[in-house]
Amino acid sequence: MDRLGLNQIRELFLEFFETKDHLRLKSASLVPEEDKSLLLINSGMAPLKPYFTGQKTPPHKRVTTCQKCIRTPDIEIVGKTDRHATFFEMLGNFSFGDYFKVEAIKWAWEFCTEWLELPSERLWVTIYQDDDEAFEIWNKTIGVPNEKIVRLGKEDNFWEIGVGPCGPCSEIYYDRGEKYGCGNLDCKAGCECDRYIEFWNLVFTQFDRDEEGNYNKLAHPNIDTGMGLERMAAVMQEASSIFEIDTIKRILDYVCQLSKVRYGKDPKTDVSIRVITDHIRSVTFMVSDGILPGNEGRGYVLRRLLRRAVRHGRLLSIDNTFLSKIAKKVIEISKEAYPELKEREDYILKIIDIEEKRFEGTLEQGLHILEKYMESMESNGVLSSEAAFKLYDTYGFPLDLTKDILEEGGFTVDEKGFKKEMKLQQERARTARKSSIENGWKEEIYSRLSNTIKTDFIGYDSFASNSIIKAVIADNKLVKEAHKGMTINIILDKTPFYAESGGQVSDTGFIKSKNFVLEVYDCQKVNDEIYIHKCNVVEGNIKIGDTCKAEINIANRMATTKNHTSTHLLHKSLKNALGNHVEQAGSLVNSDRLRFDFTHYESLTKEEIMKVEKEVNEIIWKARDVTVLETDMETAKKMGAMALFGEKYGDKVRVIKVDNYSIELCGGTHINNTGHIGMFKIISENSIAAGVRRIEAITGEGLYKYLIEKENILQEINAILKTGDDDIVKKLDFNVKAIKELEKEVQQLKNQLSASSIDDYISNVKEIKGIKYLIAEVDNKDMESLRQLGDKLRDKIKNSLIVLYIKEKDKIVFMSMVDKSAIESGIHAGMFIKEITKIGNGSGGGRKDMAQGGIKDINKINQIIEVIPSIIESQIK
RNA sequence: GGGGGAUUAGCUCAGUUGGGAGAGCGCUUGACUGGCAGUCAAGAGGUCAGGGGUUCAAGUCCCCUAUUCUCCA
């Protein structure tokens with residue numbers, strides 16, 4: 001047995017199954033394409049599901065893959081054990097209704113013993129307890145001795161998930177030798193201890209479980225096998241943990257080199273080293289598949305992995321940003337099998353860097369808050385679970401960090417309470433999810449249809465077609481006919497209607513015959529094979545088999561088409577202006593405008609926007625030719641075509657080429673010369689998520705309308721300001737300045753006015769028990785000037801209580817001020833206002849020296865004036 | 001999808017039971033000054049995210065919306 005490297009084993013496996021007439025497929029993206037039930041690809045067969053369920057026809061009946069996978073449920077354990085990892089690769093061979101048990105078992109054995117040269121005496125197998133067929137093959141055909149075939153129950157060796165295809169499994173184990181064993185007499189394959197390691201699982205999908213729980217035999221059973229590449233490598237290299245496998249070890253060593261911490265010295269730091277080693281692999285691959293750190297879904301998984309890695313980096317006292325350096329190592333090691341890593345290297349490193357820096361900000365904020373908490377804590381105090389949880393939940397500050405810092409200050413934290421809060425939070429989320437999970441499965445009807453009907457799309461060249469109605473669907477059921485007033489879905493044999501995809505909205509239009517008129521408001525496609533026209537029956541009756549004329553709204557299509565070609569120009573121009581890290585992250589193209597989301601780490605400057613806009617317009621004005629050609633993926637890539645993250649491309653791809661400027665894969669509709677676009681204008685630029693910007697732009701007729709709108713506004717302004725376009729800015733500037741100056745002047749005059757009238761007010765001052773008091777109505781004043789007047793009066797009159805009021809339509813507002821010496825005598829403005837406003841059915845309050853209040857019953861003002869002396873008297877000490 | 005925060009001057013942020021919008025930095029002006037963020041003084045700068053409500057009175061309380069951060073799924 002050779003000590004094969006991980007990369008060698010992968011290649012051997014794929015080659016082996018190629019010799020058995022398997023088609024080698026590239027690893028699918030970690031982002032599931034059509035499976036909404038899955039967050040991330042977590043097994044080798046996950047991306048092939050549609051082939052197993054019959055939804056899609058596989059390109060070949062025998063397939064072999066090496067699939068990148070991510071699993072995070074055990075994230076807390078990773079680093080603490082030898083085997084757990086969030087990222088792993090799964091080798092698999094698959095049969096879609098072709099070969100079955102005999103071949104699957106035979107080839108698995110052949111590969112292990114002849115290609116990998118594993119000694120057969122070390123191999124054990126397990127089977128499902130009732131699967132005698134598998135036993136016969138292992139025992140009779142292969143020659144595995146009776147005692148090395150272990151029968152296991154449903155829990156271990158029967159694969160099923162709810163309803164659907166399922167079946168028994170058979171696993172192959174490797175015996176690492178007695179020294180790893182538990183010593184029990186009945187220790188054998190399947191034992192919990194570390195002696196027997198399972199590395200290959202063969203699933204024989206031979207049943208279909210229905211809703212009543214019956215297992216119905218499948219006419220064409222499938223084979224689905226999975227072999228953990230890391231586990232296999234561990235066996236081949238006699239590694240005691242996955243972290244000692246050649247490729248992974250290189251990453252681990254690099255972590256040690258960066259942190260200057262030796263591996264194997266301290267169990268605590270070892271955990272951190274392993275966590276970083278594992279997590280960075282997940283992070284690098286996730287980013288390369290277009291996932292961005294965020295607050296939900298996959299983005300959140302990514303963020304959590306990345307931040308955990310940073311956190312452990314700090315535990316190793318790495319204090320500068322380091323993750324992207326390790327990511328670079330990952331790329332270097334895995335680029336042969338996953339060329340997308342190298343292709344997007346700059347981008348991947350940039351995104352990781354940004355997120356790591358962002359996390360630093362989060363930590364700083366949390367630290368600030370924690371310090372505040374600590375200031376108000378007694379020595380040896382315990383931080384409440386609420387406070388700790390809030391730090392974690394709201395500010396993203398890790399608990400272990402909270403603990404460490406508290407410890408340094410001699411404090412502790414209520415961890416039990418924290419866990420309780422965490423549980424509550426999880427339950428809240430779970431119950432909320434349950435109530436929203438009940439949709440889906442409605443598309444099933446179309447998946448079945450796609451086996452019998454196909455729609456021919458002719459809309460690239462024509463706007464109308466003579467078609468035949470192949471299916472009519474109403475209320476999610478197939479019907480034979482429909483009539484006026486119904487909302488139905490129609491499938492045609494051929495159609496000019498573009499179905500929504502690649503961001504471009506669907507065509508609208510009409511389907512007509514002498515018997516009926518249908519208005520098409522939307523068009524969607526299923527499996528790229530059937531086009532579903534959503535329509536209202538405007539007139540007449542329609543039935544299957546009718547011939548008809550399908551016509552799209554041409555003006556709409558043309559406007560949309562212009563916007564779509566502009567989107568390509570924008571994409572290229574952004575790359576030119578900002579750099580190669582710019583990747584499309586979403587787009588919407590309709591007849592009104594285009595919306596383009598792309599990865600970029602900061603807002604665009606005005607200059608950048610203008611530069612981008614100008615470049616696009618120059619291509620338009622130079623009237624460059626746009627050509628479309630169909631080719632295969634290989635050739636397209638060689639031509640340098642930009643392809644999108646997560647976008648699925650078939651064997652044949654369309655390449656849209658704008659002269660020598662832009663070249664991009666795209667299934668949308670395009671004009672044949674950029675001149676038709678007329679003109680291009682960016683109307684907004686903003687952020688929609690961390691690291692993702694959104695640009696909205698308009699072209700052609702839409703832009704013309706936009707200009708007219710702006711012109712109208714300008715004319716209105718001109719009319720109001722009585723100026724022409726040339727002077728408008730000057731005039732407006734002048735007016736704004738003039739208004740400010742006038743306001744100032746008014747304020748000054750008001751002050752002067754009240755100053756001059758101050759003497760009048762003073763002449764009305766009365767006195768009781770040594771306290772001078774004044775109550776006066778003030779005209780045409782706001783609260784601000786009331787206060788200023790009050791200030792002045794109070795400063796002028798010693799030992800005083802000032803009460804000023806404004807009469808409004810249905811209320812009176814009071815303001816009261818008391819000077820320092822009067823306060824010493826016991827006068828309290830707040831209490832005073834409370835007393836007098838009570839009389840007039842109002843309320844109020846404030847401080848000793850200043851208070852406000854109001855009444856609703858304005859007739860009570862005289863009564864209030866009368867009682868003032870007695871209130872003052874009662875307050876004097 | 002669910003929960004918890006945040007949004008106040010150009011920037012970083014204070015703002016007590018609701019009662020007079022603030023600090024530091026930056027900016028402008030002036031004076032002083034051979035020093036590493038020079039010193040001192042004066043000044044400009046605010047739709048307290050937007051909208052609605054409660055109240056005599058809302059930056060502050062309640063509701064909605066937007067943006068953003070964060071946790072959970």
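Given the structure is predicted, the values throughout are model-derived calculations rather than measurements. So that the names make sense, note that chain A is the first sequence line, chain B the second, and so on, each numbered from 1.
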Item checked: Nearest-neighbour nucleotide for the Arg787(A) side chain, G20(B), G4(B), C56(B) considered -> G20(B)
Note to self: Regarding Gly846(A), tell me which of base, sugar-phosphate or nothing describes its non-hydrogen contacts under 4.0 Å with the strands shown.
What the structure shows: base
Checklist line | Spacing of Asp393(A) atom CG relative to U70(B) atom P, expressed in whole Å | finding: 12 Å
Check: Within the pair Gln426(A) and A73(B), is there a side-chain N or O less than 4.0 Å away from OP1 or OP2?
Finding: yes
Next item on the list: Determine the contact category for Arg794(A): base if any of its heavy atoms lies under 4.0 Å from a base atom, sugar-phosphate if only primed atoms, P, OP1 or OP2 are that close, otherwise nothing.
Entry: base
Next item on the list: Give a yes or no on whether a donor-acceptor pair under 3.5 Å exists between the nucleobase atoms of C56(B), that is its base, and the side chain of Ser843(A).
Entry: yes
Margin query: Show, in sequence, the C-alpha distance, side-chain angles and deciding distance for Glu355(A) and Arg307(A), and conclude whether the salt bridge (charged side-chain N to carboxylate O under 4.0 Å, His left out) test is met.
Written below: CA-CA 8 Å; Glu355(A) 179 61 16; Arg307(A) 292 189 171 191; 3.1 Å; yes
Next item on the list: Assign each of Gly842(A) and Gln425(A) to its nearest nucleotide of RNA chain B by heavy atoms, then name whichever residue's nucleotide is nearer the 5' end.
Entry: Gly842(A)
Notebook entry, point to check: Of the candidate nucleotides G5(B), G20(B), C71(B), which contains the atom at the shortest distance from the side chain of Met817(A)?
Noted result: G20(B)
Notebook entry, point to check: Angle class for the Phe285(A)/Phe87(A) ring planes (parallel below 30°, perpendicular above 60°, tilted otherwise)?
Noted result: parallel
Margin query: Can you tell me how the ring of Phe596(A) sits relative to the ring of Phe598(A), calling it parallel under 30°, perpendicular over 60° and tilted otherwise?
Written below: parallel
Next item on the list: Go through C71(B), A57(B), G20(B) for me and flag the one nearest to the Lys811(A) side chain.
Entry: A57(B)
